[in-house]
Structure formats: C-alpha cells, structure tokens
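Heads up: the structure comes next, in structure tokens.
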Number of protein chains: 2
Amino acid sequence: MTETGIGTGRSTPATLHDVAREAGVSLATASRSLNGSTRKVNDEYRQRVLAAAARLDYSPNLSAQAVARGTTTTVALLVADIADPYFSSIAAGVVAEADQERLIVTMAATERDPERELELVRTLRGQRPRVMILAGSRPTSDPTEGALGEELAAYERSGGRVVLISRNEFDFRTVIVENTAGADALARELVGIGYRRFAVITGGEGLRTAADRVDGFRAGLAAAGGTLDDEHVVRAAFTRDGGYDGMRQLIESGLDGIELVFAANDVMAVGALSAVRDAGLVPGTDVAVAGFDDIPTVRDVTPALTTVRVPLEELGRRALRLALGDESASSEGAVRTEVVLRASTPARIA
Amino acid sequence: MTETGIGTGRSTPATLHDVAREAGVSLATASRSLNGSTRKVNDEYRQRVLAAAARLDYSPNLSAQAVARGTTTTVALLVADIADPYFSSIAAGVVAEADQERLIVTMAATERDPERELELVRTLRGQRPRVMILAGSRPTSDPTEGALGEELAAYERSGGRVVLISRNEFDFRTVIVENTAGADALARELVGIGYRRFAVITGGEGLRTAADRVDGFRAGLAAAGGTLDDEHVVRAAFTRDGGYDGMRQLIESGLDGIELVFAANDVMAVGALSAVRDAGLVPGTDVAVAGFDDIPTVRDVTPALTTVRVPLEELGRRALRLALGDESASSEGAVRTEVVLRASTPARIA
DNA sequence: CTGTTAGCGCATTCAC
DNA sequence: GTGAATGCGCTAACAG
C-alpha cells in the first residue's frame, strides 16, 4: 500500500522539512499550510503540502511546536487514586472536556501522600501544561502545604492556570462543591423520615472535604433534632476498607442505640455496608447507612445507598472550563448537590 | 520568603540560560549539573548551579529536552472509558509503574468508537511517546481496523513501542489474559457445584474479549455437561446498563429454566444482578449470576459476585514493563486468572 | 572537566 | 503570497 519509500526498517518520523522538500515548497509554506492561521497560502501549494504530508505520514512534533510556540496543549491532572470511582469519574470529565478543546491530558496519582503530591506538581510543571487540576484534598495542616502553595503560585506566575476541585486550602480557582450544605440537607431529611441517633465515619484528621461534610451533617442534625455523640464519630482511611473498619469498630462497641451511620463518602459507605452484613446484621434494617457522592456503584449495592449526589464528571468538565477562562463556569457558583434517599435508609415509624 | 527578584507580576519560567548566568557558569555546565550523566562536573560548580536553580525556581522544559534529545519520557494510554472500573484499574497500574520509571502518562478515552480511537492514536503520535498502550478491544472486523494497524505499525517503525492489553487483533506485543481458559474453568466449576442450564449475556457483535470468554464458557460447559442454547445468548452493550438490559430480556422471555447467567464482564454482571432484583426475583436463589474480571465492587454487591479474577492493575504494570523491554514481563506468558466462587452462585443440590 | 557551537523540529518575523 | 533567516530551550558533539 502507501509505502513511503523509506523501507521497512527503523526510521525517524518525517519532519516538516521532509514534507516541504517532498512538496517542493519552503519550510515556512509547509508550516503555514499545515497549521498557521487559515487563508494565507495559495490553495495550489496548500494541496501539494497536504498531499506530501499524507504520503510521508507526517505527524507534527508536539514538543517542537511547544518549544517554538512557547505554549503547549497539555492539561495536567492530579488525583489521589485513579482506581477510586470518585476520581476516575472526575478524570473522565476532564478528559472529555479536554478532548473537545483538542487538549491532551496527562495524569498522575498522589496516592494521598502530600510529599508525593508536591513532587508530582514539580515534575508536571516541566511539561509547561496550560492547566493544572488538583482533585482530592490533603490534610489541612500538612508541613508541605506551604511549599505546595508556593509551587502552584510560581506556576501561575509563569502563565499557568491551577484549578482545585473541592478543596479550599489555597486561593486558586476552585470548583466548589456544596459539601457542607449537602450534608446539612441530608441530615435534615434523615431526621425528617424518623432517624434520631446517628454515628459518623469520617476520614483522617484534618481532611478538609471530610471535615466539611461532617460539620454540615452536624449542623443539620442540630437544627432538625438528631443526636450525634462525639464518641460516635470514628476516623478511618478515606477508602472502602476504611469504611469497613470504621463500621466494624462501631459495631464492636455495641452500636449503642445508633440508628444510622453516615459515612463521609460513598466508597466508605459501601465498605460500611459490607461490614454490617459481615457482622450478621441487616443494613437498612438493623442499622441504616448513608454516604456522599453518588458514585455509579451505589445503585447496585443492596440495599441501594442513600447519598448526596455530586455530578462527578461535571466537576471535571467544570474544572477545565474554569481554567480556560470560561465565564459561565465561574459564574455558576458552587456545584449543586442533591439528597437521594434510597433503601439503605428506610423511613422509620417514629 | 525566597523571592526570585522577578517581582510578583507575570513572568516566564526561568530557563537553563538564566540558571547558568546566575551561577556564573556556561550553559553546558548548567545542563550537565542538572541532568547530564553523573560525575562529570566539579562539585563546586555543581553546587552553585543547583543553588541557582533553586533560587530561580527552575524547572526544566520537558518539551525542549524532548526536542534536543530526540526522545520523550511520555507514555500514552488509550482506554475505552476512564470511569469504567476495569479500565481505571488498568490505568492505575500503568500510572504506578510509569511513575517508578519516571515516565509521564497521557491518557485518552476512545469511548468505544473505532474512528475515534484511530483519531486519538494519530494525535497522540504527535507527542512522540515512548510507549503507546491500548486497552479495550474493538469490533473484530471494523472498517478502520486496517488503518489503525498501519498507524500503529508506522509508529513502531519510528521507534515507538505499542502494547495491547487483552486484545489480539494485531501482531504487537500483548498482555494476554486467559479469557478463554478462565471462562472454561468457570463453566466447569459451576457445573461441578450443580448448575446445568445456562444463559450468557455478552458484548456487541465481534468484540473479541467477549467472544473469547463466551467461547471458553461454552467449551467448559460442553466438557463438563452443562447446556447453553443459542437463544439464551443475548447481546448487549459492554456496560453496566447493557448487563441490566440483557438480564431483563432474559427474564422477560420467561427465563425458561435457566439456572445461571454468565455475563461476559463484571460491570455487566452487576447490572444483571440489579435487573434480577428489580424484577422481584432473588439473585443467587431464583437465578444465579457470574461475571468476569473481579473488579473491586463485586465484593460489595449482594450477593457477592462469583467471577474470574483478573489482576487488573497488574495488567497495566505488565503492559508498561513489556513495552520497556522487561524480559520477565514477556516471559511470564499469559496473565493467570482464577475462578472465585461467591454467594451469587450458591452450590446447588443436584 | 569546561565552554563554544551546532543542531533538534518547528513557528514566525522580516524582506522580497 | 512566499522564502530565508532567526530563535524557542535544551543537549551533545567538539575543541580547549
């Protein structure tokens, strides 16, 4: 078929120079035909160049373009854990939006390690990405926090745009999620359908997102008339297994009249559900469970999980739009959340 | 704090040139101190350069390095859907391994569209990635298949390495998963615990992975003595909703004595489980369900899902190692799978 | 060891 | 419109 005459052995990719020669035009003309702002080059030449490029299977070297132009088409995305549905949904949103803008996204995982996060930001900066999106909060008072802030600030000073998703440690553009208000609303609704005595499973010390959700939940309870004793707030890893462990702790200490356990996110809640079951109890009946996020799988667990819906993929899309200066994205305010009552919290006959 | 003296306004990132000047050495020396193969530069100078770099908050421009070196540190990863746990687990593996090798991974989603996949491969080639990993099979006889093959071949000719994960359309390095053998083993075990009449929910026409699994399942059944009528093989989208729909179809046509439904992957199986429940039946009791992959969530659904375990994250890691020429990765052969019997397929008293 | 110089692939000024 | 020349940030010979 279309052989380039280069033979079948190893070779180097065709360069713009090759294309120009093949088309019998200058480098500049080739460049303009292939990329330069439209309508500047004779259509005759243009066609010749296009044909030559196709014949040579030319693919523009993005790195070279970046160097010459002084700007890239890259978006860097930092998440805690790619396999976590919360983050993978966000990532899917970022990638989808980036694709529309013909941007390429590079992805890295911090594995919830603040030092690692800082390290990654430094590395990723080398790419000179147009945008840097960070999702997943870190402990509020981590020693490296200042350094991260400096690093991000420096990045912005050099023309980059950083966007945070649901974290409020710094003063950068942020896709704000109604964590507090959402949890508050959830608490009220739960009290409304008859629950009174609550427990909470939350993330590690100082995790902002978790803290906000717990605070909101507490506020809602206070307003509506539910009770949450301090000894019924257990800390655990912000993961499925953390949720499992947290629930097991609660159960081992006798449950103590607790009617409903609120886990600060869905993956934890799902783990909690399994812990209930493994303890020989019936989730929803013996103890109700609620989560936060509405990740895809919560529809398929049994009982289906009551949660606060967060449009995860939209978070990712919004983050990128915000970075790109889309006015509508910034004027939309916080991302709305919505309480979704399901079978894991059946109405209680008070 | 450490101000660079550049002021607070917008500025351009410090260049190696700046660092050299600041340190009072030549460009070459600066380059060598910061990157060049170790032990070549006077430690005195080296320190000066390092200090200057820190002071200027220097970050090497990866694009420029790529152009100068003629090689990048990029890995391109192509998956069907980032939010799908199957792919996000694989991605997590690729990213983890890449990180160890100090490689950066760029990610894109084909959304199961062959044309889109081809388009993405073309775009990604512009990055001159060292490696290109494609996961998620496409229909066996898609019109663009030839073009994709050509494109990938051209990429390899120019020095790149392509690795396929669990797809066997082409003749590139591949991380082979025991799809057929795994399903075969599953079928035998299922017959072994008393099941006889089966149904299957599989993916769209010609999806290789799905086809292999179904073939294997059929073979196992044939060998062990189970029955699978052709009208009990239903096709659906290779997604959670596809699984749901497939199961609903089966139920609507009366189930017809079917004791167990095998879904070609776990996300479908999970959807199927929900369909059973929504139809007012009890999964595991009224009809058993089994899947394939062992994605994280199947432990948390009820009943827990019987499946064939595939080390998803390891798939991703292996793919990268294979691309990088790791001998052990290529000599390990196909990735082993393992049948995991759980509550969704309780033993039947024959 | 260190500095000078010539590219790497491409965009873009500047003359023609 | 088109081409020649310059430069982007960096590496890698090449001489000292």
Side-chain angles (χ1 to χ4, degrees), chain A residues 11-50 52-53 56-74 125-130 158-160, chain B residues 11-50 52-53 56-74 125-130 158-160:
Chain A
S11 72
T12 36
T15 123
L16 188 59
H17 190 215
D18 299 332
V19 175
R21 196 156 33 76
E22 170 87 6
V25 301
S26 77
L27 226 189
T29 299
S31 173
R32 289 191 272 251
S33 314
L34 258 17
N35 317 298
S37 46
T38 35
R39 291 294 134 212
K40 289 271 293 183
V41 41
N42 180 339
D43 211 59
E44 147 93 34
Y45 281 176
R46 177 184 212 76
Q47 295 308 332
R48 288 227 310 256
V49 172
L50 260 29
L56 263 35
D57 195 15
Y58 170 73
S59 166
N61 184 321
L62 262 29
S63 292
Q65 287 191 157
V67 176
R69 288 180 170 146
T71 170
T72 67
T73 58
T74 301
R125 260 191 75 190
Q127 292 225 47
R128 303 285 184 273
R130 282 242 279 265
S158 64
Chain B
S11 71
T12 35
T15 122
L16 187 59
H17 191 213
D18 299 331
V19 175
R21 196 156 32 76
E22 171 87 5
V25 300
S26 77
L27 226 189
T29 300
S31 174
R32 288 191 273 252
S33 314
L34 259 15
N35 317 298
S37 46
T38 36
R39 291 293 132 213
K40 289 272 293 184
V41 40
N42 179 338
D43 210 59
E44 146 93 32
Y45 280 175
R46 178 185 211 75
Q47 295 308 329
R48 290 230 306 260
V49 172
L50 260 28
L56 263 35
D57 195 17
Y58 171 73
S59 167
N61 184 321
L62 262 31
S63 292
Q65 287 191 156
V67 176
R69 288 180 171 147
T71 169
T72 67
T73 59
T74 300
R125 260 191 75 189
Q127 294 224 47
R128 303 286 184 273
R130 283 242 277 267
S158 64

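Worth saying up front: this structure is predicted, and the values here are computed from it rather than measured.
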Practice task
Report yes if some heavy atom in the side chain of B:Asn61 is under 4.5 Å from a heavy atom in the side chain of B:Thr15; otherwise report no.
Solution key: no
Exercise for the section: Could you tell me whether the side chain of A:Arg32 reaches within less than 4.5 Å of the side chain of A:Val25, counting heavy atoms only? Expected result: no
Give the rounded distance in Å between these two atoms: [atom1] of [X] and [atom2] of [N].
X	N	atom1	atom2	value
B:Arg48	C:dC1	CZ	P	16 Å
A:Asn61	D:dC10	CG	P	16 Å
A:Lys40	C:dA11	NZ	C1'	13 Å
A:Arg128	D:dC8	CZ	P	14 Å
A:Arg21	C:dG9	CZ	P	12 Å
A:Gln127	D:dG9	CD	C1'	15 Å
A:Leu34	C:dA11	CG	C1'	12 Å

Exercise for the section: Please check if the side chain of B:Ser33 supplies one atom and the backbone of B:Thr29 the other of a donor-acceptor pair under 3.5 Å. Expected result: yes
Problem - A:Arg130 (side chain) donor-acceptor with A:Thr72 (main chain) under 3.5 angstrom - result: yes
Nearest to side-chain heavy atoms of [X], which nucleotide of [options]:
X	options	answer
B:Ala64	D:dC10, C:dG9, C:dC10	D:dC10
B:Ala68	C:dA11, D:dG3, D:dC10	D:dC10
B:Leu16	D:dC10, D:dC8, D:dT2	D:dC10
B:Arg69	C:dG9, C:dT12, D:dT11	D:dT11
A:Ser31	D:dC10, C:dG9, C:dT12	C:dT12
B:Leu27	D:dC8, D:dT11, C:dG3	D:dT11

Handout entry: Closest-nucleotide ordering on DNA chain C, the 5'-leading residue of A:His17 and A:Arg32
Key = A:His17
Please determine if a side-chain N or O atom of [X] lies less than 4.0 Å away from the OP1 or OP2 oxygen of [N].
X	N	answer
A:Ser63	C:dC8	no
B:Gln65	D:dT11	yes
B:Asn35	D:dC10	no
A:Thr29	D:dG3	yes
A:Asn42	D:dT2	yes

Fill in the blank from the handout: Of B:Ser59 and A:Ala28, the one whose nearest nucleotide on DNA chain D sits closer to the 5' end is A:Ala28
Handout entry: Minimum heavy-atom distance B:Glu22-B:Ala52, with the two atoms named
Key = CG-CB, 3.4 Å
